[in-house]
Protein chains: 2
Amino acid sequence: MGKKQVTFADIAAYTNFSKTTISRYFNHPDSLTLENQEKISQALDTLGYKKNKLAKVLANGKSEFIGIIIPNLYLHYYSEMLTQILSSYRDFHYKFLVFVSDNGPSEEEQYIDELMAYQIEGLIVLSHTLSSEKLASYQIPVIAIEREAEHICGVTSDNYMGALQAATLLIRDKCDVLIHVNADVPKSIPAYDRIRAFEDTCQEYHVPYELNLNVIGDSYQDIFAQMKHIFSDIDEKYPCKKKGIFLANDTYANMFLNLIFQKYGCFPDSYELVGFDNSPIASEAILPITTVGQQIDLIAKTAIELLVQQMEERKKRRPVPLSEPIHKQITPVLIRRDTTS
Amino acid sequence: MGKKQVTFADIAAYTNFSKTTISRYFNHPDSLTLENQEKISQALDTLGYKKNKLAKVLANGKSEFIGIIIPNLYLHYYSEMLTQILSSYRDFHYKFLVFVSDNGPSEEEQYIDELMAYQIEGLIVLSHTLSSEKLASYQIPVIAIEREAEHICGVTSDNYMGALQAATLLIRDKCDVLIHVNADVPKSIPAYDRIRAFEDTCQEYHVPYELNLNVIGDSYQDIFAQMKHIFSDIDEKYPCKKKGIFLANDTYANMFLNLIFQKYGCFPDSYELVGFDNSPIASEAILPITTVGQQIDLIAKTAIELLVQQMEERKKRRPVPLSEPIHKQITPVLIRRDTTS
DNA sequence: TTGTACGCGTTATCAA
DNA sequence: TTGATAACGCGTACAA
């Protein structure tokens, strides 16, 4: 370190004020005369003062830290969400301590303990490994994003509306049969609504449909191998029909599109494709893919506002805690591109 | 808050030890008898003690914070780098305060001031807006990743070796003419070496080549529009030749590949393509793209180790500062896929 | 408008 | 092996 920090005491000695006055210069400048403000301001930069916010936190208990637990940044959905969350610094000036975790509950608990030790005022959870019951047991505001959130506040896409829009489009475009390709999603998580909405819509319009929930595997290669089978099954099963395929995400949709292209050398009229997420691959594919765009910026904004509101509430002399968790849904938008008519 | 924190004072009162002894329980447990360790351990969880690391920092000056300034998470390169950096927590237990910044130097300086106020022990910079001279003026260890780093430590890919491998592959594959497509990169940044290596290699092997450094624009659409022109120029200019195209990144390469595919319905033998970055799009393209893979995990690991070493050094009673900045280069690997023979 | 005195939760120094 | 006391840098009653 060499020489130690310049502190209020140094400024006070230099200006012949007390430490309190220096403190007030920062927190209630109006209570000083302009003349004295100027004096202190000068002293500050002749002495080269640097703030120490940690000392401030210790004194007033407001860390202005928010913890984030996120499963990975590999998926565009997560990296974009993190970007949006971090950029809320411009509005609220909360600082973010970020942990990436996808290695099970014990690691995640350890991370949260560490975050608590740094006196975070709130927590944003995007990972799925800890139950909302467990998360609620930490005595701070917690916001879940796109995950099970029974006992805590949560923000999700309106998956039902998203899938409904996708299915409706395929039906309007006069597809003879609709097929939904997805992993075998557990019913507890929000994304399950995509399956529900697809079925409901097909039934409502009396359109033949099929659910293919057989996608499994972690790596791109694994999933691509699955997708090859799924494609050839579908391609053989409905030779003369116009097939409307709704895929669980844009990565799946891109794979499917590539398989079609590799077989036919073009995108034939007998297919329509809709993906989900509006991730970069949907734009960058051999043909821009129609997709359901989650409004990530809005989701992040909603989550932060919900969190900030609760954190501010807790700082009041007589805080009124939420009587029960608030849950919000953000409607996604259908983005029509070249894989639908 | 409701009830306040349980502190060492509470534990001390409960166990009839002093605060000092409680502190020692955590920092030098060997200096207590096993019996007393047990007593304190019990008291800790009957009282429900939670650590307060901020108080610890104030007392001993070691924040264990590292600041990160990163331009965006939209590019796979950055999001993967951030993932790797954050995951170093498992080894070193430094916590990361992350800022995303691409809005100019004044915003970035403000972010760094905020980081300094939180007593960060080190800083990792991936953005390009602040000069290394400016960065060196903050009196803490700073590591630059893949950017200008004259006055600070830095880690970069060995861009020269990467481009050399790409060009050499295209030459071995008997391309008649080599073309490098890139933006007009300034000479000061490490990525300029890709252009240098390409030229050097073509000249060394006496192979006809062309530099096309005309890619400009921020959005995918802008760049794609540029790429259309570049493609049709090249496609017309060398009708009967085997063209080896080395593109500055996988996004460019994928665009070029799509344009080829859309024109020819397949990938003709008259083309070879090599991208750069090994980003997901290179695997997910209509044809898996040969690319130069930056070893992001290794770069991150090297950067963190360099930083940790300097941060530890500063904590010694008589720290020996670096006489001059250390710069390391990580050799990328050529990943051969389906756009080269 | 300004100052005094104490608290925030932990560590470091010295002494026992 | 343990304890008393003074930091660390700032905020906040309360008083002047």
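To find a chain, count down the sequence lines: A is the first, B the second, and so on, and within it residues start at 1. Both backbone and side-chain heavy atoms feed into the values below; hydrogens, waters and symmetry mates do not.
Ring centers of A/F96 and A/F65: at least 6.0 Å apart, outside the cut-off.
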Can you give the donor-acceptor pairs under 3.5 Å from side chains of residues 13-21 of chain B to other protein atoms, not counting sequence neighbours?
| from | atom 1 | to | atom 2 | distance (Å) |
| --- | --- | --- | --- | --- |
| B/T15 | OG1 | B/I11 | O | 2.8 |
| B/T15 | OG1 | B/A12 | O | 3.4 |
| B/T15 | OG1 | B/F17 | N | 3.4 |
| B/S18 | OG | B/T20 | N | 3.4 |
| B/S18 | OG | B/T21 | N | 3.4 |
| B/S18 | OG | B/T21 | OG1 | 3.4 |

Under 3.5 Å, which donor-acceptor pairs do the side chains of residues 133-140 of chain A form with other protein atoms, sequence neighbours left out?
| from | atom 1 | to | atom 2 | distance (Å) |
| --- | --- | --- | --- | --- |
| A/K134 | NZ | A/E109 | OE1 | 3.4 |
| A/S137 | OG | A/K134 | O | 2.5 |

List the atom pairs, donor and acceptor, that lie under 3.5 Å between side-chain atoms in residues 120-129 of chain A and the rest of the protein, sequence neighbours left out.
| from | atom 1 | to | atom 2 | distance (Å) |
| --- | --- | --- | --- | --- |
| A/E121 | OE1 | A/K315 | NZ | 2.9 |
| A/E121 | OE2 | A/S63 | N | 3.1 |
| A/E121 | OE2 | A/E64 | N | 2.6 |
| A/S127 | OG | A/E108 | OE1 | 3.2 |
| A/S127 | OG | A/E108 | OE2 | 2.5 |
| A/T129 | OG1 | A/E108 | OE1 | 2.1 |
| A/T129 | OG1 | A/E108 | OE2 | 3.2 |

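Contacts between residues 36-45 of chain B and DNA chain D, counted as heavy-atom distances below 4.0 Å, involve B/N36.
Protein chain A contacts DNA chain D from D/dC8 to D/dA13, reading 5' to 3' and using non-hydrogen atoms of the protein with a distance under 4.0 Å.
Side-chain N or O atoms of A/Q84 include none that pairs as donor or acceptor with a backbone N or O of A/I296 at under 3.5 Å. Formation of a donor-acceptor pair under 3.5 Å by the A/S132 side chain with backbone atoms of A/E150 is found in this model.
For the pair A/H28 NE2 and C/dT2 C1', the computed distance is 14 Å after rounding to whole Å. C/dT2 atom P lies 12 Å from atom CG of A/D30, rounded to whole Å.
Over its full length, the helix from C/dT1-D/dA16 to C/dA16-D/dT1 turns its helical axis through 30°, comparing axes from the five pairs at each end and rounding to 10°.
One distance of note links NZ of A/K301 with CD1 of A/I85; it measures 14.0 Å at 0.5 Å rounding.
The salt bridge (Lys or Arg N to Asp or Glu O under 4.0 Å) analysis of residues 71-86 of chain A, with sequence neighbours excluded, yields no pairs. The stretch residues 298-328 of chain B participates, sequence neighbours left out, in no ring-ring contact (aromatic ring centres under 6.0 Å, His included) pair at all. The salt bridge (Lys or Arg N to Asp or Glu O under 4.0 Å) analysis of residues 39-51 of chain A, with sequence neighbours excluded, yields no pairs. Pairs passing the ring-ring contact (aromatic ring centres under 6.0 Å, His included) check and including a residue from residues 31-62 of chain B, sequence neighbours excluded, read B/F8-B/Y49, B/F26-B/Y49.
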Protein-to-nucleotide contact annotation, 5' to 3' order, nucleotides 3-9 of chain C [B base; S sugar-phosphate only; - none; under 4.0 Å, heavy atom]: BBB-BBB

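Within the nucleic acid shown, B/L32 comes within 4.0 Å of sugar-phosphate atoms alone, with no base atom in reach, counting heavy atoms only.
With no hydrogens or angles considered, a side-chain donor-acceptor pair links A/T33 and A/N36 at under 3.5 Å.
In terms of phosphate contacts, B/S23 brings no side-chain nitrogen or oxygen within less than 4.0 Å of OP1 or OP2 of C/dT10.
By the salt bridge (Lys or Arg N to Asp or Glu O under 4.0 Å) test, A/K53 pairs with B/E114, sequence neighbours left out.
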